[in-house]
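Have a look at the structure below before the remarks.
Chain A is the first sequence line, chain B the second, and so forth, proteins listed ahead of strands; every chain is numbered from 1. What you see is a predicted model, and the numbers here were worked out from it, not measured in a lab.
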Amino acid sequence: MQKKDFLSGLNSEQLKAVTHIDGSLLVLAGAGSGKTKVLTTRMAWLIQNYQLGIGEILAVTFTNKAANEMLYRVSSMLNADSRMMWVGTFHSIALRMLRAHYEEAGLIKNFQIIDSNEQQSLIKRLIKQRNLDEDKYPPRELQNFINYQKEHALRANQLSPDNLRTKYWVELYAIYEEVCNRDGLVDFTELLLRCYELLSFHDGILNRYRHQFKHILVDEFQDTNQLQYKWLQLLSGIKSTVFAVGDDDQSIYSFRGAKVGNMRAFMQDFTAPEPLLLEQNYRSTQTILAAANAIIDNNGDRIGKNLWTSQKSNDKIRLYEGYTEEDEAYFVVDEIKSLHNNDGVELSDIAILYRSNAQSRVFEQHLYNRGIAYKVYGGLRFFDRMEIKRVLAYLRLILNPNDNEAYLRVVNFPARGIGAKSIENLLLVADENSVSFVEAVNFLPEKSKKNILKFNNLIKTMQEDIKVLNLPETISYVIETSGLREFFENEKDGEDRIENLNELVTAVTGFLPENPSDVLAEFLAHSVLESLDHQAAKNEQSIQLMTVHAAKGLEFKVVFVVGLEDGLFPHDNSLNSQNNLEEERRLMYVAITRAKEKLYLLRACSRLLWGKRLSAPLSRFVNEIPAELILNISGMSQIGYSQLDGHSYKDEQYDDTGWVENKTSRVELKNSDVTLKIGDMVSHAKFGRGKILKLFAEGKKMTAEIFFIGIGKKVLDLNIAQLEKAY
DNA sequence: GGCAAGTCTATTTTT
DNA sequence: TAGACTTGCC
C-alpha cells in the first residue's frame, strides 16, 4: 500500500511532536496551536510508519466530544474501522477493561454505572438510615469525602479517622461500598479506581495491556487527577511511551480534583525531556493573543509560554460598560443584529460567554424578545430528563433486579398504590435481612405484599418478553408496558415528555454495541457516560450561550465575554486565595482565546445580585489588558463619541454620578402604561431616538436622563414628555 | 397525587 | 429577591 504523507502542513514544532519516538514526551500546546491535529496525525503516523495495529495505540481524552473528534479524524486518515481503536475518555476506557474482566474486578456481569445525582441520593439514604442529622452531616460533604478518597486510591478500610466526624464518614464510606457492591452499582470515580485496582492486583491482565499498548496518548493532560495519573503510570510501565498534551494555562477544573502539578511531575515520573512548546496560534488575531498573553502573564506558577501568530489585525478589543445587566444585554443583542445583518456573520459563529449559568437569563430574554435564535448549553442533558431516567431505570431493573437505585425510582411510578409507608417498610426489611428491595418482599407480612409483588412480576415479565426484541423495540415495549406513555399522555404538560420518549426510541435505532449480546448493558452505560445534546445542534443557525467552562476547546468568530466585574468574574469565592484567583485568571484566558476575529468585553456598572442592586467594579482582568489593545465603546451610544480610540478605558468609569446610591434614582419606572428601564431605547417626537441613562422619582415627579443620538443628554419630565419605546 | 407553603441558595461540573 | 426544591397537608 502506498504510504500517505501525513506530515506535510505541520510546522516544525508540530512535526517534532508528531514524530517523537524515544520515550515519553510532554507537549505544552497553547490555545489554538493545533493540538488535535498533532494528536491525530501522530496516531496515524505511528500506525503507518511502525506497522502497528490500530488497537496498539491507546488515546485518552476527557470528553466524549474530543474522543469522537479524534476517532473520526484518525479513521478517515487511515480508512480504518474506528471500533477497533482504543480511543475514549478515561471513564469509557476503564469501563471497557472492566467489562472484559468483570470477574477479576469483583463485579457482576451486568454492573451499572450511576451518575453523581444517583450517587448523592444513595448517600442521602444511607445518612438517613444511620439516623444522622443531615444538617450536621451533609450528604454533599460525604459525597465529596468518598470521591476524594477514591481519587487517592483509598478504600474505607485503609482510612483511620482522627475525629468523630471522619469516623462517621469512614463508617458510611464502608457501608456505601458494601451497598454498591451488593447492588452492582459503580459510580464515576469507582470506574477509574476499580480499573486501577484490576491492573494493580492482576499482573497477567496488566502485562497484557502493557504489551498491547505500544503508545499511550493523553489529551488535556492538565486536567488529570491523582488517580488518572497513577493509572497512566501503571499502564505505561517502565518503557513509558506516554505522549501527553496539555496546557497549564487552561487548567480550570482544579475544583474537581484536577492537578496541574501532574504536568511538572510528569517529566520526572515518566523520565521525559523538557516539554515541547506549541506556541504558534492559528486561531486568533494578534490583538486577541496579546491581550491573552498579558493577562496570563500575571499568574505566578506557570511552566511558561507565549502564543504568537502570523496574522495581523487592527481590530481592537471592544469594551462596553453598561449601566445595568439589562443595558449589557441590550448592547450585545444590538451588536449581534448589526454583525449578522450588516456584516453577514452567521449566528452560529457568535458566542456569549459568562462565568455562571444564572447570567444567561437576561440574555435569553433579550434575544427572545428581539427574535434572534439562540441555544443555551449546559442545561439538562437529554438522559437526565426525568422521563428518560424512568425508562432507563426500568431497563436497569430488567438487567439487574437488585439495582436498588433503579427500583426506588420506578417502583411507584407510574403510581401503583405503593406509597411512602410501604416503601419505608420495604427498605427496613431489606436492611434487616441484607437483601435487595426486590428480594425484600418475601419478608413482608402477607397483606402488604400484593402491590409490590405485582411490580416485581411486571419486571419479570419484561425480562422474558424483551428476549426476542431488539433495542428500539425493547425501549418502545418498556415505555408502553410500564405505563409511562399513558401516564404522560394524561399529564397536562406531558407533550414534551412524550416527544422525548419517542426521541429516545429513534435515537437508539443507530446504536451499535461492541458485543451484540450485551446491547442493553452497553446502551445503559452509554446513556450515563455520554450526553446526546451536544451533537444535535451542530448546523443550527443560532447564537451560542454557555459558561466559559463549557466553551473550552471551542472557537467562534465573534465572542462576547460578559459580566466582567470583580465579584462575578473573578468570582467572589475565589478572591480569598491566590490559587483560586489564578484559576479564575486561566478561566479568563480560556474565555478570550475562544475568539477568532472579534472580541467584546462587557460589564454592568450595577447588577441585581442577592436580591439587591449592587454596584460592581470592573474586573481586574480587564485592567490587566494593555490599554492600547482596547477600544472603549461604552460612550458611543450615550455620549455620542464616534471614536474613543486611544482613550484608556480606566478614565471612562461612571462612578461620578453616584447614581447607584442616589435614593431617588430608579432602575425602572412605570409611566402611565409603559414601563421604562435604564438602558431602554425610546423615541421622542422632537429629539428622535435615545437611550435612557437614568431614572428619577420624587413624589409624583418622574424624570429621565436620556441620551438622544446626534443631540446629546436631556433631562425630561416623564409626565410631560411623550416617549415611546423604540428598538 | 397534587397543591400550597416553607426552605434553601445563588460558581464552575468534561465523566 | 427570585427560583428551585422540599415538606406538609388534604
Parallel, tilted or perpendicular: ring planes of A:H101 versus A:Y209, cut at 30 and 60 degrees: perpendicular
Given A:Q222, A:E582, A:E220, A:M263, the one that forms side chain to side chain contact (heavy atoms under 4.5 Å, CB included) with A:S251: A:Q222
A:R125 and A:E405 ion-paired at < 4.0 Å: yes
Closest listed nucleotide, where the reference is the side chain of A:F255 and the choices are B:dT11, B:dT13, B:dT15: B:dT13
Touch class at under 4.0 angstrom, heavy-atom based, for A:D187 against every strand present: nothing
Selection from B:dG1, B:dT14, B:dT15 that lies nearest to any side-chain heavy atom of A:F62: B:dT14
Selected nucleotide, minimal atom distance to A:R355 side chain, candidates B:dT15, B:dT11, B:dG1: B:dT11
Candidates B:dT12, B:dT14, B:dT15 - which lies nearest the side chain of A:D223: B:dT14
For atom CG of A:L185 and atom P of B:dT15, their distance in whole Å: 20 Å
Report, one pair per line, the protein and nucleotides 1-8 of chain C atoms (nitrogen or oxygen only) whose separation is under 3.5 Å.
from, atom 1, to, atom 2, distance (Å)
C:dT1, O4', A:G611, O, 3.3

Value in whole Å for how far the P atom of B:dT11 lies from CD of A:E565: 14 Å
A:T547 side-chain N/O to B:dT13 phosphate OP1/OP2 under 4.0 Å: yes
Interatomic distance where CZ belongs to A:F487 and P belongs to B:dG1 [whole Å]: 7 Å
Check: B:dT15 base within 3.5 Å donor-acceptor of A:R256 side chain: yes
Spacing between A:E584 atom CD and B:dT13 atom P, to the nearest angstrom: 12 Å
Donor-acceptor pair between A:Q119 and A:N147 side chains, under 3.5 angstrom: yes
Sugar-phosphate only, base, or nothing, as touched by A:F90 at under 4.0 Å among non-hydrogen atoms: nothing
B:dT12 base stacked by A:H549 (centroids within less than 5.5 Å, tilt under 30°): no
Distance test, side-chain N/O of A:N412 to OP1/OP2 of B:dG1, below 4.0 Å: yes
Pair A:Y589-A:D247, side-chain hydrogen bond (donor to acceptor under 3.5 Å, both in side chains): steps then yes or no: CA-CA 11 Å; A:Y589 179 79; A:D247 181 0; 4.6 Å; no
Heavy-atom closest pair, residues A:Q250 and A:A29: NE2-O, 4.4 Å
Phosphate OP1/OP2 of B:dT11 contacted by A:N357 side-chain N/O (<4.0 Å): no
Upstream residue (5' side of DNA chain B) when A:S574 and A:A258 are each assigned their closest nucleotide: A:S574
Comparing A:I252 and A:S92 on DNA chain B - which has the more 5′ nearest nucleotide: A:I252
Between A:Q112 and A:D403: side-chain donor-acceptor atoms closer than 3.5 Å: no
Between A:F221 and A:F266, ring centroids under 6.0 Å: yes
B:dT13 and C:dC5, which share atom name P, separated by this distance in whole Å: 15 Å
Among B:dT11, B:dG1, B:dT14, the nucleotide that comes nearest once only the side chain of A:H571 is considered: B:dT11
Nucleotide B:dT14, atom P - distance to CD1 of A:I113 in whole Å: 15 Å
Nearest-neighbour nucleotide for the A:N64 side chain, B:dT12, B:dT14, B:dT15 considered: B:dT15
Length of the line joining A:L614:CG and B:dA10:P, which is rounded to integer Å: 17 Å
Protein-nucleotide distance (A:M588, atom CE; B:dT11, atom C1'), rounded to Å: 17 Å
Atom-pair distance (CD on A:Q120; C1' on B:dT15), nearest Å: 16 Å
Side chain to side chain, A:Y374 and A:Y368, heavy atoms closer than 4.5 Å: yes
